[in-house]
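Below is one structure, written out as C-alpha cells; the observations come after it.
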Amino acid sequence: MSSAAATQSLADIPTLTQVYRSAGRRQAASSTGDFPPSAAINARVGLVNGDITKLCVDALVNAANTSLSGGGGVDGAMHRAAGPGLLAECRLLRGCPTGEARITRGYRLPAKHVIHTAGPIYDHIDPQRSERLLRSCYEKSLELADACGVKSLAFSSISTGVYGYPSMDAAKVACETVRKYLDRGSSALERVVFVTFEQKGVAAYAEMLP
Ligand code: ADP
C-alpha cells in the first residue's frame with residue numbers, strides 16, 4: 001500500500017458521537033465529573049488510535065522538546081514523514097519553552113501544519129507543576145491553532161512517552177482542557193482529535209470517555 005493510500009481523512013476519524021453510537025449509547029456518562037455531557041462537544045471531538053502522521057487534518061500537535069531539534073517518539077515520526085524542510089523551519093524558531101507552542105508548515109505530511117509544543121518531563125515530587133505545564137501545552141496549542149485559522153487539529157498524547165507523564169492523568173488534563181476551551185464558545189475549531197498510539201493511551205481515553 002502506498003503511504004498516500006494509508007492516510008486518514010477527517011471523515012475516517014470517528015467523532016465521540018460516533019464512538020458512543022457504535023457502543024450503543026447516546027453520550028458519555030459525564031465521567032470527568034465537572035462537565036455535563038454535551039452532544040455539541042461530542043460532535044466536535046474525535047478519537048482515533050494509530051499513527052498521527054497519517055492524518056489529513058489542518059494541523060497536528062507534536063510532542064516536541066524545547067530545542068525543536070527533532071527527537072524520538074512521535075517527534076521523530078513527524079520529522080521522518082515531513083522531510084528535512086520541517087527541521088529547517090524549526091531551527092529558525094530558536095526553541096520553544098516548556099508549556100508553550102510554535103507552528104510550522106507540514107511539508108510532506110498530509111497535514112498542512114505542525115504545532116510543536118514542549119511538554120513537561122513528569123515530576124513525581126511536584127506533580128502539580130507538571131499538570132500546570134501540560135495544561136498550558138494544550139491551551140497554547142488550541143489558541144495558536146485558532147489564531148492561524150486551523151479548523152481541524154489532532155493532538156498526540158503529550159508527555160506520555162519518554163517524558164513519563166502517567167497516561168490516565170494526562171488524558172484527564174487533555175480532555176478537561178479541550179472541553180473548557182471549546183465551552184468558552186469563541187473557538188472556530190470544527191474538530192479536535194485525540195490520537196492514541198500505545199495500548200496505555202487507548203486504555204486511558206477509554207477510561208476518561210467511557
Ligand atoms: P514525550 O517526550 O512528550 O513523552 P513521546 O513521543 O515519547 O513524547 O510520546 C508521546 C506520545 O506519543 C506517547 O503516548 C506515544 O505512544 C505516542 N506516539 C509515539 N509515536 C506516535 C505516532 N507515530 N503517532 C501517534 N502517537 C505516537
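When a ligand or atom number is given, it counts from 1 through the structure's own listing order.
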(message) Under the rule for ring pair (Phe, Tyr, Trp, His ring centres under 6.0 Å), what residues qualify as partners of F197, not counting sequence neighbours?
(response) none

(request) Report yes or no: do D146 and Y181 form a side-chain donor-acceptor pair below 3.5 Å? (result) yes

(request) Non-hydrogen atoms closer than 4.0 Å to ligand 1: which protein residues do they belong to? List them by chain and number, please. (result) G50, D51, I52, A63, G73, V74, A77, S157, S159, T160, G161, V162, Y163, F197, E198

(request) May I ask you to check whether T17 and N42 show a side-chain donor-acceptor distance below 3.5 Å? (result) no

(request) Give a yes or no on whether the ring-centroid distance for Y122 and Y163 is below 6.0 angstrom. (result) no

(message) Checking the side chain of T160 only, and the main-chain atoms of Y165 only, is there a donor and an acceptor separated by less than 3.5 Å?
(response) no

(request) Decide if atom CZ of R184 counts as having more than 12 heavy atoms of other residues, nucleotides or ligands within a radius under 6.0 Å. (result) yes

